[in-house]
There are 2 protein chains.
Amino acid sequence: MSSENSTGRVSARSKRADALRNQQALLAAAAEVFVASGVDAPIRQIAAKAGVGTGTIYRHFPTRADLVTAVFRHQIEECAEAGSVLLAAADSPFIALRQWIDLFVDFLVTKHGLADAMQSDSSGFAALHRYFLDRLLPVCARLLDAAVEAGEIRAGTHPYELMRGIGNLCIGGGDPQYDPRRLVELLLCGLQRHPSE
Amino acid sequence: MSSENSTGRVSARSKRADALRNQQALLAAAAEVFVASGVDAPIRQIAAKAGVGTGTIYRHFPTRADLVTAVFRHQIEECAEAGSVLLAAADSPFIALRQWIDLFVDFLVTKHGLADAMQSDSSGFAALHRYFLDRLLPVCARLLDAAVEAGEIRAGTHPYELMRGIGNLCIGGGDPQYDPRRLVELLLCGLQRHPSE
DNA sequence: GACAAAGCGGAACGATGTTCCGGATAGTAA
DNA sequence: TTACTATCCGGAACATCGTTCCGCTTTGTC
């Protein structure tokens, strides 16, 4: 079914066997290197671990960011799909929102430097950024809307701003003195409707 | 009075006239280039604008971060000093805290990419990061303590975490769809004591 | 088994931060 | 004024990136 290549999706059609093997090897190697050295690890290191030349990487993933996107794609997908599930299962929309944000934060924090790389507009990570937004923004928006409608949080918060803010807060999670989760929690508190005011 | 060089302080003793001239020219050029192209601007560009060679930069500022630190040093100082003034003048410690944070945010947002560069532990901006902390952390801590003591905000917030979080939120301020100030405001709301709970 | 298309490897390119060193220069002493 | 030296300067050179390019290899097919 369909190629839809260059960003890491299925692509099972009309490719040579060795090409497919290399693509898989690259994805596996990249995943390994990313957890070991962060998403800023040199391309050459990934190529070496996969046992291929640097040119081969660019044949499969036109740019560094495309490789990163491909590696994390299914995890992003899982996070997106969790949105509906949580909204249906939780006792209230706000609880669902909080749980979903927990998931989102976990995802960002456990990947070394993913949040760092995604926000800084340099390094051409725009593709990853866009994919993140395309997939997760609607989910976040739906959860926010539901919580607003339930009267649990104040209206007027832009989903994009919230997601970006949370993403930013997750930068530098390696520091033991800095726990992004506490600040995200603070943000959520600020989001809630206050009786006074 | 003392040299105390390599980070941009006074250093008026025992230096050749041309060396001093170049250092001044570099600071001026760097300041200009930073506002034009952000703090990530290439060293060579700054050297060219100052009319010196790249080696000359490293003679005066051992590393890129030292140059950045030197350029912004007096502004950081101003921000630090504003803390006491605001605390003495404002109607309440929380108001002072909010005003001070406004100042802090303004500082970060108006320098293109300053916040970006400072947080990411790569690029060896550790020196800048430390200077920021050394100078501003005590101020933030004092404001926080005062607000806690006045019963305006919840206790238990670590000053370092708060400053770092705010710094993180200021990353990517160039995006018209993302206003760090709104999120910082949300954070402050979350900090306030809630009647319920 | 031959052959074209697809794919591969790694040298090469351009950009970056940083180091190095031969030569210029400022300050000083005669 | 003229030497002389410690200091400083300029930019070539080095290491490390991401990325591109191209001659050679491999694969699938007839």
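Numbers restart at 1 for each chain; the letters A, B, ... are given by sequence-line order, proteins then strands. Keep in mind it's a predicted model, so treat the numbers as computed, not measured.
Atom CZ in B/Phe61 sits about 11 Å away from atom P in D/dC9, given to the nearest Å. Following rounding to the nearest Å, B/Leu67 (CG) and C/dT16 (P) show an atom-to-atom distance of 16 Å. Taking atom CD of residue A/Gln23 and atom C1' of nucleotide C/dG7, one finds them 13 Å apart after rounding to whole Å. The separation between B/Leu20 atom CG and C/dT25 atom C1' is 15 Å, rounded to whole Å.
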* To do: Heavy atoms under 4.0 Å is the rule here; annotate nucleotides 10-18 of chain D 5' to 3' with B where the base is hit, S where only the sugar-phosphate is, and - elsewhere.
  => BBBB---BB

* Structure fact -> The contact string for nucleotides 24-30 of chain D, one letter per nucleotide 5' to 3', using protein heavy atoms under 4.0 Å with B, S and - for base, sugar-phosphate only and none, comes out as --BSS--

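In A/Glu77, the CD atom is crowded: over 12 heavy atoms of neighbouring residues, nucleotides or ligands sit closer than 6.0 Å.
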* Starting from the C-alpha separation in whole Å, work towards a yes-or-no answer on side chain to side chain contact (heavy atoms under 4.5 Å, CB included) for B/Phe107 and B/Glu78. => CA-CA 10 Å; B/Phe107 172 64; B/Glu78 272 177 26; over 6 Å; no

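In this structure, the separation between CG on B/Asp179 and SG on B/Cys170 is 9.5 Å, given to the nearest 0.5 Å. Once rounded to the nearest 0.5 Å, the distance linking CG of B/Leu114 with CG of B/Leu108 reads 6.5 Å.
The only member of A/Leu136, A/Asp134, A/Thr69 that meets side-chain contact (heavy atoms from CB on, under 4.5 Å) when paired with A/Ile76 is A/Leu136.
B/Tyr131 and B/Arg135 form no side-chain donor-acceptor contact under 3.5 Å, judged by distance and modelled atom types alone.
Between B/His60 and the phosphate of D/dC8, there is no side-chain N or O to OP1/OP2 separation shorter than 4.0 Å.
Between B/Arg181 and B/Asp102 there is no salt bridge, since no side-chain nitrogen of the basic residue lies less than 4.0 Å from a carboxylate oxygen of the acidic one.
Remark: the backbone N or O of B/Thr63 is paired with a side-chain donor or acceptor of B/Asp66 at under 3.5 angstrom.
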